[in-house]
Structures are given as structure tokens and as C-alpha cells.
Amino acid sequence: MSDQKFDEILRQLMDDYLAKVRDQLLPDMKQQWDSLLSTWDTEQLRTLHRAAHTMTGTSGSYGLHDVSRLTRRIEQHLKHLLTGLDAQPSRIVVDEITQLLRELSAMVTNHISAVQSDVTDIMTNDSPTISQPQARELSDVRVGLLGDDTDTLAEICTDLCRFGFQARQIIDPDKRPEHDSLDVVVVSCTIRNWSHWRPLVRHCTVEGIPVLVSSDSEEPNFPWRLELIRSGALFLDPKDLQILLLVRRLYKLLKLDTERPVRAIMLDDDPALLKRFDVLFKQFGIEALLLDEPTEILHAVSEFTPDIFILDLHMPNVTGIEVAQILRPMELFQTTPIVFLSADESLDSKLAIVRNHADDLLSKTEQPRELLLQIVDRAMRGRRLRDLMAKDSLTGLLNHNHILDSANRRFMLAKRQSEPMVLVMLDLDRFKTVNDTHGHVTGDQVLLSLSMLLKTQLRQSDLIGRFGGEEFMLVLNNGKTDDLVAKINNVREMFSQIPFHGSHTDFTCTFSAGVAVVEDFARFEDMLLAADKALYAAKEGGRNRVVVSTERVDRGVQ
Ligand SMILES: Nc1nc2c(ncn2[C@@H]2O[C@H](COP(=O)(O)OP(=O)(O)OP(=O)(O)O)[C@@H](O)[C@H]2O)c(=O)[nH]1
């Protein structure tokens with residue numbers, strides 16, 4: 001969405017909100033206040049306080065800070081009356097509230113006439129988009145390879161292409177790549193020949209193309225490394241030229257496994273505020289699920305796993321703290337940040353939040369950019385913590401518990417929405433022999449290599465987990481079943497061609513896989529069992545193959 005379009009939407013939203021305040025919210029508040037003055041009623045007072053509280057937060061979030069401040073003064077008076085501090089409103093308090101309501105009316109009318117310029121100021125106020133990194137397709141990544149040993153470079157080039165990169169060799173040091181023709185350059189040369197490639201490396205770094213340089217020397221050559229750094233290039237350990245390690249390094253350098261966008265669930269009883277945040281979230285690249293009804297939250301989390309919860313602190317029938325108390329004990333959300341968005345920044349509220357293991361209290365009246373930055377920051381920290389707990393330390397894939405849990409949830413979702421999903425159990429062939437012949441370290445590299453291949457070849461939305469030692473579990477959706485199975489076969493083919501460097505000889509490795517298809521099963525456990533049996537059949541059938549289960553287990557289907 002362009003900034004201009006975004007401003008237009010915001011302007012429209014603010015127009016709508018101000019009109020609603022003038023035509024509905026304020027008249028309602030005045031009428032409630034008048035009726036209170038004729039018959040004092042605590043319930044009515046509570047309703048009025050709630051309306052003032054909501055208006056304080058929402059107007060603040062629209063950047064109408066003067067409206068928010070004025071409404072807050074009304075809210076505070078009403079709160080004192082509610083909490084019994086001023087059980088009987090004195091004449092002074094009554095006059096004060098009446099006067100504040102009048103001022104509020106005038107202020108809103110003024111805003112309506114001046115709204116155009118106001119809104120533009122709020123958002124254009126140094127508030128560029130925080131664009132979250134978007135995952136990149138490997139086939140878009142262009143790698144240039146250059147150096148002395150053209151044969152080795154040709155091999156690396158082929159291997160990188162096998163992994164899905166667009167790799168090509170640069171033979172002529174005088175042929176300088178354009179800044180937009182390559183995404184990264186890998187150089188492998190002897191230190192003796194460094195001067196030969198230096199101008200080209202300098203050219204690339206000046207053009208903004210990252211350059212990784214590896215030398216033949218095992219010696220830690222300080223002056224050479226210093227020169228590298230000063231020329232803007234990065235050192236690549238010679239052993240990292242091994243395809244698997246190189247892919248890993250490129251992944252990190254180019255941030256290829258950039259995370260999916262931040263996902264947030266926001267709960268607030270005020271639709272006007274949700275509308276406003278809907279636009280903000282879209283502009284900031286956050287995937288958000290917006291709820292105005294607290295009771296819907298459990299249903300929502302079964303289909304949308306958020307990185308952060310943003311809850312209103314005070315809602316009519318339930319408090320945000322109570323919602324947090326429901327969410328926090330759920331295993332899935334033990335590390336998910338829960339923040340409250342409120343106009344109430346009192347110490348009591350802050351203490352209640354800390355006591356209930358929630359994370360923070362953010363102000364509704366904060367500038368949108370600052371607020372959104374805080375939300376993204378919190379969400380990413382939560383995600384990293386969850387990753388630490390959920391991921392296997394060797395491969396970085398989901399660990400046993402988490403892949404099992406996530407696969408189960410995907411199964412239920414696929415069933416509910418009648419969407420395709422396949423479950424794959426995958427096991428390395430004769431891996432014991434690899435370990436026995438080449439050692440455990442080489443065995444680990446095979447495991448890493450397969451993980452890397454799976455990560456690069458499957459979609460970001462697919463689930464990949466290390467189920468046990470040399471066994472992996474995958475969940476694929478998004479596509480026809482035949483295509484998903486073909487994908488696994490394609491990965492199998494690619495993997496079988498990756499050369500590994502053993503203690504004495506080079507070798508290749510294969511895997512077998514068993515696949516089960518969601519529509520054949522009513523229960524996840526049966527699907528898992530069937531995938532396992534299909535894996536066993538693949539092993540029995542000679543290994544290095546994919547077998548699709550033909551079982552149908554309808555037990556439990558109504
Ligand atoms: N290097 C390494 N080896 C592991 C790891 N986890 C399990 N293994 C090894 O994986 C091997 C599995 O061997 P088996 O279960 O006999 O299976 P296999 O040799 O792959 O034979 P098939 O599955 O029948 O093709 C054992 O040698 C385990 O020690 C690990 O993290 N690293």
C-alpha cells in the first residue's frame with residue numbers, strides 16, 4: 001500500500017471516528033450524565049465511566065491527544081465517584097464534569113473541520129513503514145563464484161544450483177559485475193594470487209554486493225584478514241566451502257530464512273480502535289487477527305498462532321488480565337508475550353500485569369510508529385525464546401515434541417477446512433554404516449545437510465522437524481497431494497546426489513520416506529501410524545524411495 005493511499009485510509013477512518021463521537025458517543029454520554037443527575041445509579045455510572053475510558057484510549061490511538069486528555073479528566077472524576085472516593089458528587093464535581101463534556105463537544109467539532117491536515121501530520125510525522133523482512137525464494141538468489149581453482153568452483157557452482165541457487169562462475173577478473181546483477185560473490189583464491197582478484201572484490205563491495213573470501217592458507221594471516229575487512233569483504237573459512245556449510249553461511253548472510261511476518265492477536269472491545277489498528281498492522285507488515293469479543297479468543301488461537309497478544313485492559317464483562325490468566329497456562333503460549341494496550345497507565349494496573357505473568361502495558365496514546373516498534377520488538381523476542389525451546393540444537397529444526405504438536409494441530413485445521421495435507425516420516429538409509437565408517441562428526445554433517453536441503457526446498461509454511469536421531473517428520477500442505485508427494489521425491493533425488501567427504505572416501509547417502517494423506521484418516525494418531533508403516537514398506541522395498549500409504553482409517557468418523 002502506498003503511503004498516500006495509507007494516509008487516505010487513515011483520514012477516512014478518523015473522519016468516521018470523529019463523526020461517530022459527535023453524533024453518537026458524546027450525545028450518549030451526555031444523556032447518561034443527565035439521567036445520572038436526576039437518578040443516581042451505580043450501574044449507569046459504571047457504563048458512563050466505561051464509555052469515557054474507551055474514548056480516552058481510542059481517541060489517543062487516533063492521535064487526538066487533546067480529546068484523549070480531556071476525556072481522561074472526565075474518566076478520572078467518574079472513577080472517583082465509582083470507587084466511593086466521592087460517593088456523593090459535590091456541586092463542584094458536577095459542574096466540572098458538565099463543563100468538560102461541553103468542552104469535549106466543542107473540541108470534537110473543531111477537529112472535524114480541521115481533520116484533513118491533522119491526520120496527515122500524525123502519520124507523516126517521520127513514520128516510515130517498518131517493512132519486515134520478506135522470505136526470499138532461493139531461485140532468486142544469484143551467486144557469483146570466482147577464484148583460482150576453476151574445477152573446484154565449478155563443482156561448488158553445480159552443488160549450489162542443486163540446492164536451488166542461481167550460481168555462475170566468473171572467470172575473467174576484468175569483467176566487473178553490475179551492482180544489481182549478483183546478490184553475493186564467493187571468492188576462493190590463494191593469498192599469493194589475492195592481488196589478482198582484489199580489484200574485482202573492491203568493485204563488488206563498492207557496488208554493495210556482499211563478498212565472501214576464502215584463502216588456501218590454514219595459517220591465521222592477520223594482515224590479509226585485516227585487508228579483507230578494510231575492503232569490505234568477509235572472511236570465509238576454507239572448510240566452509242563445503243557445500244552444506246556454504247549454504248548455511250549464505251543463508252545467514254542473506255537472511256534467507258528470514259522469519260515470517262510477525263503475527264498478532266489483538267483483543268479490544270472498541271471496533272473503532274480495531275479498525276485503526278487493522279490499517280496500522282497492514283502498513284507495518286504485521287499479520288493480525290482482530291477480535292472484539294473475548295470469548296472468541298480460544299477458538300481464534302486454535303487456527304492462528306500469534307507471536308504476541310495485545311489485549312485491552314478493561315472490557316465490559318471480562319478484564320484483559322483474566323484473558324491473560326486463561327492464555328498463559330496453555331503450553332503453546334507459555335513464552336508468547338502478552339501486552340496490554342490501555343489508556344490506563346496507573347501503577348495498580350502495571351503491578352497487576354507483572355503479578356499475572358503478562359509482559360507490558362503499552363499506552364494507547366503512544367505515537368503509532370513507537371507503539372508498533374515496541375510490538376514488533378516484543379513479538380520477535382518472544383519468537384526467539386520459543387525457537388530456543390522448540391528447536392533441535394543440531395539441525396535447528398523443530399524438536400520431537402514441537403513437530404508432533406504442530407503436526408497434530410495442522411491435521412485438525414486441515415480436517416476442519418477440508419484442505420490437503422500430507423504427513424511424511426523420513427529416515428536416513430543405513431545411517432549406522434555412515435557413522436561406523438566415517439565417524440559421528442561426518443554423520444552429523446549428513447543430518448545437517450538433509451535439514452538444510454529440506455529447509456531450502458520446502459515452503460516456509462511447511463513444517464519440518466527432527467523426530468528422532470536420524471528420523472524426520474514433515475507436514476506439507478498448500479498444493480495437490482500428488483504435487484506434494486512429487487516434491488518429496490524430488491528432494492530425495494537431490495539428496496542422493498550430494499557428495500559427502502568422508503574420512504577416506506567421498507560418499508553419498510539416501511533416505512526413505514512414508515507418506516500419509518489427510519483425507520484417509522479421522523485421527524492424527526492413525527495418520528502417523530500409517531506414515532510410519534509406509535516408511536517401513538519403503539525400507540523393506542529397497543530404501544531410497546517414497547511410499548504413499550493406501551490405508552484408510554475412518555474410526556471415529558460420525
Ligand atoms: N551422527 C549421528 N548419528 C546419529 C544421531 N542420532 C542417531 N544416530 C545414529 O543413527 C543410526 C541409526 O541406525 P539404525 O537405526 O540401525 O538405522 P540405519 O543404519 O539408518 O538403517 P535403516 O534405517 O534400516 O536404513 C545409529 O547409528 C545412531 O547412532 C546423531 O545425532 N548424530
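Any value given below was found using the heavy atoms of this structure, including those in side chains, with hydrogens, waters and symmetry copies removed. Remember, it's 1-based here, ligands and their atoms both numbered in the order they're listed.
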Side chains of His402 and Asp405 only: does a donor on one sit below 3.5 Å from an acceptor on the other? no

Lys539 and Asp429 ion-paired at < 4.0 Å: yes

Salt-bridge present (Asp483, Lys487; N to O < 4.0 Å): no

Hey, does the side chain of Asp392 reach the backbone of Thr395 with a donor-acceptor pair shorter than 3.5 angstrom? yes

Cationic N near anionic O, under 4.0 Å, Asp462 to Arg459: no

Below 4.0 Å from any atom of ligand 1, which residues have a heavy atom? Give them in chain and number order, please. Asp427, Leu428, Asp429, Arg430, Phe431, Lys432, Asn435, His440, Gly443, Asp444, Leu447, Arg466, Gly469, Glu470, Lys539, Arg543

Going by an N to O cut-off under 4.0 Å, is there a salt bridge joining Arg263 and Asp307? no

